Structure formats: structure tokens, C-alpha cells
Amino acid sequence: KLNLWKRVIMLIDYLKYIGIAIILFLIQKTFIPLISIQMITPDLPILLVIYIGVRRGQITGLIFGFLFGLLIDIFSSTFLGLSALSYLIAGFIAGYFYDENRPKEILQSYFYIFVMFLVIIISNLIYYTIFIQGNNDLPYGYLLLKFVLGSSLYTLIFGVIFMFTLSKRIVKSVNEV
């Protein structure tokens, strides 16, 4: 019975993740462009991918990263599969920091901020390295610095805000499982 109960709770969590991903996707496509700074925007869905990777492990992070990235690719005019690839890798890397025995401590620590920044930087580096290929108007280094570092820092600000404002809910949901 315990094993079945854990599976039911996991399924409910996965459905919550999908619902949150859809909400974040809608916010990303409607409101986030309004707070763009010189074409740099925060990437809210990747924050959920990182959370899932740290909370559930590499395989789950990889799967949800791919699915969320594919959702973004389908509804945007960029290369099909580019967001899926960068989110897949982000979820997998975030999963390296999964610790079944200490989820609360990791998700509430300053170390989690480092994890978010590291994963966001790697994901953006993959995404923008491929995305800006063939753009000869501006120096490659400038584009990478502007978009990779700029977008990563902007996203991290939102990640830190979410971390501190939602930390009580996260701890409650972690303790329930």
C-alpha cells in the first residue's frame, strides 16, 4: 500500500508540474516580453525544470526539460528542438544535485542559488551558441556575453525571488512525501 501511495503522490506532483509549466509558458509568452531589457528576457520555465531536476533527479529532470522545451519550441518561431535540447540538458544537470535525504535543505540553501545560476548559464550557452550561428552583424563574443550572461542573471533574479517567496510551500510539499 505504501508503494502505491507514493506512486499516487508522485503522479499528482507530475500533474502539478505540468499545470505550473503551462502557466509559466503563458506568462512567458504574454507578460515577460513587456519587461524585456534590450531584447533580454528572463526564462521562467527553466526555473521549473531546475526545481524538478533537483527535487526528482536526473531522469525526471531530463524528461520534463525535454517536454517543456518542446512546448516552447512548438509555439515559437525558433529552431524546432533548440529549447528542448537546452532544457533537457538543464534538467539532467540539475538532477546531479538531487539528494533524496535532504531536499528541504538543498531547495532552501544558497547552494541552490548557485545550482540555478550554473544550470541557467549552461542552458543559455547551449541555446544561444546554436541560435546566433550565422549572425555576422555583431561580434560573437558580444552576443554571447549579452544574451547568455544577461538572460542568465535576469532569470536568476526571478529564481531567487521565487525561492524566497515560495520556500514555505516547497518545504511543506517536500515534507508531505
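Any value given below was found using the heavy atoms of this structure, including those in side chains, with hydrogens, waters and symmetry copies removed. Residues: numbered from 1 along the sequence shown. Everything numeric in this text was worked out from a predicted model, so none of it was measured.
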Only pairs under 3.5 Å count here: list side-chain donor-acceptor contacts from residues 59-66, not counting sequence neighbours, and write none if there are none.
none

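- Applying the side-chain contact (heavy atoms from CB on, under 4.5 Å) criterion to F114, with sequence neighbours excluded, gives F111, L118.
- Rounding to the nearest 0.5 Å gives a distance of 5.5 Å between CG of L107 and OH of Y51.
- In this structure, CG in L48 is found 11.0 Å from CD1 in I22, a value given to the nearest 0.5 Å.
- Contact record, V54 with V115: CG2-CG1, 4.0 Å, taken as the closest heavy-atom pair.
- Under the side-chain contact (heavy atoms from CB on, under 4.5 Å) criterion, I12 pairs with V8, K16, sequence neighbours left out.
- The ring pair (Phe, Tyr, Trp, His ring centres under 6.0 Å) search around Y98 returns none, not counting sequence neighbours.
- Nearest approach of A90 to S123, heavy atoms of both residues: CB-CB, 4.0 Å.
- Take Y112 and apply the ring pair (Phe, Tyr, Trp, His ring centres under 6.0 Å) test, not counting sequence neighbours, and it matches no residue.
- I157 belongs to a hydrophobic cluster whose remaining members, ordered by chain and number, are I161; membership requires side-chain heavy atoms of ILVMFWY residues under 4.5 Å apart, directly or through intermediates.
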For residues 34-47, dump all side-chain donor-acceptor pairs below 3.5 Å to protein atoms at least two apart in sequence or in another chain.
| unit_1 | atom_1 | unit_2 | atom_2 | d |
| --- | --- | --- | --- | --- |
| S36 | OG | M39 | N | 3.3 |
| D43 | OD1 | Y87 | OH | 2.4 |
| D43 | OD2 | Y87 | OH | 2.9 |

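- Listed by chain and number, the residues in a side-chain contact (heavy atoms from CB on, under 4.5 Å) with I126 are L85, S86, I89, I122, I130 (sequence neighbours excluded).
- Of all the heavy atoms in M163 and M116, the pair that sits closest is SD-CE, 4.3 Å.
- Among residues two or more places apart in sequence or in another chain, the ring pair (Phe, Tyr, Trp, His ring centres under 6.0 Å) test is passed with F117 by none.
- Screening residues 73-99 for salt bridge (charged side-chain N to carboxylate O under 4.0 Å, His left out), with sequence neighbours left out, gives D99-R102.
- L153 and Y110 fall within the same hydrophobic cluster, defined by Ile, Leu, Val, Met, Phe, Trp and Tyr side-chain heavy atoms under 4.5 Å apart, directly or through other members.
- Applying the side chain to side chain donor-acceptor pair (under 3.5 Å) test to every pair with at least one member in residues 145-158, sequence neighbours left out, gives these pairs: N124-S152.
- Using modelled atom types, one side-chain atom of T30 and one backbone atom of L26 make a donor-acceptor pair closer than 3.5 Å.
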